[in-house]
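As structure tokens, the structure follows; a few thoughts come after it.
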Amino acid sequence: MDEPTQGHSSRSGIFAALTWIRDLAFSVLLAVILIVFIYQPVKVEGTSMMPALTDQERIFINKFTYRFGSGNIERGDLVVFWFPLDRTKSYIKRVIALPGDSVQIDNGTVSVNGARLDEPYVPNEYRDRQSLPLVTVPPDNYFVLGDHRSSSNDSRAWGTVERRYIYGKAVFVYWPLDKMGRLK
């Protein structure tokens with residue numbers, strides 16, 4: 001009478017192990033799909049996006065939004081892109097102007113299409129007094145600036161970013177825990 005119980009017990013142990021391996025493989029596959037195609041964790045390096053993002057913060061970027069055309073790049077989006085002058089480096093900046101827009105900066109005040117841009121994300125202490133003559137953003141290009149204007153290397157220095165180099169939208173801070181939340 002003991003033998004059938006032992007055989008059943010070992011079979012259920014093997015079945016449980018196989019079920020666990022299947023569930024683990026499915027979880028790993030799902031995580032890989034999420035990271036490769038949808039959300040990617042990245043570390044912020046530098047201070048050009050302060051106060052929205054600070055050096056060494058960890059964020060998630062949504063790669064799906066722009067990759068498959070399911071979302072449009074909009075003014076104010078925090079985008080991640082391959083730096084136009086060195087495509088081995090990624091930058092994160094805020095979209096200020098869209099294709100066809102005209103941009104002008106007068107003593108630190110940004111105007112888009114002749115209207116002063118309201119920028120509540122740029123505190124006075126992070127503003128600079130640079131000027132830029134009127135520029136029209138070419139088709140499939142975007143004019144981007146860092147929020148910490150006095151320490152940002154951005155479209156004022158090297159021009160616009162082609163759409164094909166923009167690969168993600170910054171959406172969520174996950175580290176440090178006291179700053180955890182959606183990005184605006």
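Residues Val144 and Asp154 approach most closely at O-CB, 3.4 Å, considering heavy atoms. Summarising the geometry of Ser131 relative to Asn107, their closest heavy-atom pair is OG-N, 2.8 Å, with the distance given to 0.1 Å. Across all their heavy atoms, Ile59 and Ala170 have their closest contact at CD1-CB, 3.9 Å. When all heavy atoms of Ser111 and Arg116 are compared, the pair lying nearest together is OG-CA, 3.9 Å. Of all non-hydrogen atoms in Ser151 and Thr47, the two that sit nearest each other are OG-OG1, 3.4 Å. Between Ala52 and Glu57, the closest heavy-atom pair is O-OE1, 4.0 Å.
Residues Arg127 and Glu119 are paired through a salt bridge, judged by an N-O separation under 4.0 Å between the basic side chain and the carboxylate.
At a threshold of 4.5 Å between non-hydrogen side-chain atoms, the residues Ser48 and Lys93 count as touching. In this structure, Pro41 and Arg58 have side chains that are not in contact, with every pair of non-hydrogen atoms separated by 4.5 Å or more.
No donor-acceptor distance shorter than 3.5 angstrom exists from the side chain of Arg129 to the backbone of Gly108, with no hydrogens or angles considered. One N or O on the side chain of Asn141 and one on the backbone of Pro139 form a donor-acceptor pair closer than 3.5 Å. Arg163 places a side-chain N or O within 3.5 Å of a backbone atom of Ile166 that can act as its donor or acceptor partner. When atom types are taken as modelled, the side chain of Asn72 and the backbone of Glu74 share no donor-acceptor pair closer than 3.5 angstrom. Proximity of a side-chain donor or acceptor of Asn113 to a complementary backbone N or O of Ser102 within less than 3.5 Å is detected.
If you chain together hydrophobic residues whose side chains sit under 4.5 Å apart, Ile96 and Val79 never meet in one group. Cluster membership for Ile92 and Met50, using ILVMFWY side-chain heavy atoms within less than 4.5 angstrom, is not shared. Clustering ILVMFWY residues whenever any of their side-chain heavy atoms sit less than 4.5 angstrom apart, transitively, puts Val135 in a cluster other than the one holding Leu85. Under the 4.5 Å side-chain heavy-atom criterion for Ile, Leu, Val, Met, Phe, Trp and Tyr, Ile21 and Val28 are members of the same hydrophobic cluster. Side-chain heavy atoms closer than 4.5 Å link hydrophobic residues (I, L, V, M, F, W, Y) into clusters, and following such links, even through other members, never connects Tyr142 to Val103.
Distance check, rounded to the nearest 0.5 Å: CG of Leu117 to CD1 of Ile105 gives 10.0 Å. Remark: Leu134 CG to Gln104 CD distance equals 5.5 Å, nearest 0.5 Å. Separating the CE atom in Met49 from the OG1 atom in Thr54 is a distance of 11.5 Å, to the nearest 0.5 Å. Separating the NZ atom in Lys169 from the CD1 atom in Ile61 is a distance of 12.5 Å, to the nearest 0.5 Å. Here OH of Tyr121 is found 14.0 Å from CG of Leu183. Values are rounded to the nearest 0.5 Å.
The environment of Asp140 atom CG is sparse: at most 12 non-hydrogen atoms of other residues, nucleotides or ligands sit within 6.0 angstrom. Annotation for Lys179: atom NZ counts as buried by contact number, over 12 foreign heavy atoms lying within 6.0 Å. Within 6.0 Å of atom CZ in Arg75, more than 12 heavy atoms from other residues, nucleotides or ligands are found, so the atom counts as buried in its surroundings.
Between Tyr126 and His148, the ring planes are parallel. Angles under 30° get that label, and only those over 60° would be called perpendicular. Ring geometry for Tyr91 against Trp158 counts as perpendicular: the plane angle is over 60°, on a 0 to 90° scale with 30° as the lower cut.
Remark: Tyr165 engages Arg87 in a side chain to side chain donor-acceptor pair (under 3.5 Å) (not counting sequence neighbours).
Each of Val161, Leu132, Val95, Leu98 was evaluated against Phe143; a single residue qualifies, Leu132, per the side-chain contact (heavy atoms from CB on, under 4.5 Å) test.
By the 4.5 Å side-chain criterion applied to Ile, Leu, Val, Met, Phe, Trp and Tyr, Ile14 is assigned to a cluster that also includes Leu18.
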side-chain contact (heavy atoms from CB on, under 4.5 Å) evaluation trace for Val173 with Met180: CA-CA 5 Å; Val173 175; Met180 183 182 290; 5.6 Å; no
Does the pair Phe81 and Ser90 meet the rule for a side-chain contact (heavy atoms from CB on, under 4.5 Å), with working shown? CA-CA 5 Å; Phe81 56 92; Ser90 289; over 6 Å; no
Arg156 vs Asp128, test: side-chain contact (heavy atoms from CB on, under 4.5 Å). Steps then yes/no. CA-CA 12 Å; Arg156 296 172 297 176; Asp128 64 13; 2.7 Å; yes
Worked check of side-chain contact (heavy atoms from CB on, under 4.5 Å) between Val110 and Arg149: CA-CA 11 Å; Val110 179; Arg149 299 289 158 77; 3.7 Å; yes
